[in-house]
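To start, the structure under review is shown below, and the notes come after it.
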Amino acid sequence: MVPVITLNDKTTIPQLGFGTYLVQPEETAAAVSSALEVGYRHIDTAQMYENEAGVGAAVAASGLPRDELYLTSKLSNAAHRPDDVRRTFGETLDRLRVDYLDLFLIHWPLPSRYDGDFVSTWKAMTELVADGRLRSAGVSNFEPGHLERIIGETGVAPAVNQIEAHPYFPNTAAREASLAHGIKVEAWGPLAQGAVLHDETIAKIAAAHGRAASQVVLRWHIQRGDIIFPKSMRPERMRENFALFDFVLTDREMATIDALDKGAIGRVGPNPGTFDWIPS
Ligand code: NAD
């Protein structure tokens, strides 16, 4: 049974879901259908992944009631202007074939774009909730200073901050700032996109439990209380990544994994303070 987490807006989210970054548009419906068959009920996509339509097709084909699914998408870096937030959110609903979305995130803060104004973007996101077509508004890749700005200027804290986090880069500053504001953390790249899977320390802990390295790392996230959605195209790995609730890491094992932190060099993704890519 996947635990649910209550967010600061009183909605609930399954702690474990399925990620779709780099899932090719034409392969998405099949991959998401497999994930739904395994039992995943929380799917993470984004406008920039260009695979929302495949997610929508799999959801429609599943016949699952809408309220048993938790769907997240993210605003394109090309759509930070408030009018574009509203317009592209409608397009996201159409592609997903749903009349409401559970969670919508500002994908990147882009502090050097749009005259540094991600606050009006954030206001437009919160208005979607007031409209009734969005349950929860959140952000992604927001650093402590970015969070302070949007909360200070609007009085509304995001429900989640989706940030890179894994044993090699636990992203402690952004994670702790989020939690201090009552914002739940979603850890993207929970397996460091595969980089932690050959770690000797992880391998030893995995052997002690008779588990895969991936399961140990994902279980570490679960015990930290973060929300995760590992990605795999292979059904057997989808099943492996879903089987996290019948073993427990000791405090000592948790601390041993905490100690694998490499600092900034452990990042697998861009630095949100400087990242400024906008799709054409
Ligand atoms: P991940 O850490 O989930 O790693 C995925 C890779 O790990 C896969 O390509 C696969 O090769 C390997 N893998 C997965 N399960 C495995 C297993 N059981 N055994 C062996 N190898 C396995 O990386 P990710 O996909 O980048 O992150 C997860 C999700 O987070 C994404 O799919 C996406 O939804 C989200 N994400 C968000 C952002 C953002 O900026 N907000 C950025 C990247 C990813």
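Read the numbers this way: they start at 1 and go in the same order the structure lists the ligands and their atoms.
The existence of a salt bridge linking Asp9 and Lys184 is excluded, since no basic side-chain nitrogen approaches an acidic carboxylate oxygen closer than 4.0 Å. Look at Asp226 and Arg175 and you find a salt bridge, because one of the NZ, NE, NH1 or NH2 atoms lies within 4.0 Å of a carboxylate O, short of that distance. For Arg86 and Glu127, the salt-bridge test passes: some basic side-chain N is under 4.0 Å from an acidic carboxylate O.
Within 6.0 Å of CZ in Arg234 there are 12 or fewer heavy atoms belonging to other residues, nucleotides or ligands.
When Phe18, Tyr21, Phe229, Trp188 are ranked by how near their heavy atoms come to atom 28 (C) of ligand 1, first place goes to Phe229. Among Lys231, Glu236, Glu186, the residue whose heavy atom lies nearest to atom 25 (O) of ligand 1 is Lys231.
Atom 2 (O) of ligand 1 has Leu191 N, 2.8 Å as its closest protein atom, hydrogens excluded (heavy atom only). Among protein heavy atoms, the minimum distance from atom 11 (O) of ligand 1 is reached at Arg237 NH1, 4.0 Å. Ranking the protein heavy atoms by distance from atom 34 (O) of ligand 1 puts Asp44 OD1, 2.7 Å first. For atom 15 (N) of ligand 1, the closest heavy atom belonging to the protein is Asn241 ND2, 3.0 Å. Considering only non-hydrogen protein atoms, atom 4 (O) of ligand 1 sits nearest to Gln193 CA, 3.3 Å.
Contact annotation for Ala46 and ligand 1: no heavy atom of the residue comes within less than 4.0 Å of the ligand. At a heavy-atom cutoff of 4.0 Å, ligand 1 is contacted by no atom of Leu22, backbone or side chain. Contacts between Asn141 and ligand 1 below 4.0 angstrom, taking non-hydrogen atoms only, involve the side chain exclusively. Residue Val23 does not touch ligand 1, judged by heavy-atom distances below 4.0 Å.
Ligand 1 lies nowhere less than 4.0 angstrom from a heavy atom belonging to Ala212. Contact analysis leaves Gly269 out of contact with ligand 1, as no non-hydrogen atom separation drops below 4.0 angstrom.
Using a 30° and 60° split on the angle between ring planes, Phe242 and Tyr40 fall in the tilted class, from 30° to 60°. Ring orientation note: the planes of Trp188 and Trp108 are nearly perpendicular, at an angle over 60° on the 30°/60° scale. In this pair, His146 and Phe118 present their aromatic rings perpendicular. The plane angle is above 60°, beyond the 30 to 60° band. His166 and Tyr168 have perpendicular rings, their planes meeting at more than 60° on a 0 to 90° scale where under 30° would count as parallel.
Of the N or O atoms in Ser232, none lie within a sub-3.5 Å distance of an N or O in ligand 1. Inclusion of Pro230 in the set of residues having an N or O under 3.5 Å from an N or O of ligand 1 is not warranted. Residue-to-ligand polar distances keep Leu197 apart from ligand 1: every N/O pair is separated by 3.5 Å or more. Ligand 1 has an N or O atom lying under 3.5 Å from an N or O atom of Ser140, backbone or side chain.
Contact check for Leu36 versus Ile43: side-chain heavy atoms found under the 4.5 Å cut-off.
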(request) Apply the test side chain to side chain donor-acceptor pair (under 3.5 Å) to residues Thr45 and Asn51: give CA-CA distance (whole Å), side-chain angles for both, the deciding distance (0.1 Å), then the verdict. (result) CA-CA 7 Å; Thr45 181; Asn51 61 15; 2.7 Å; yes

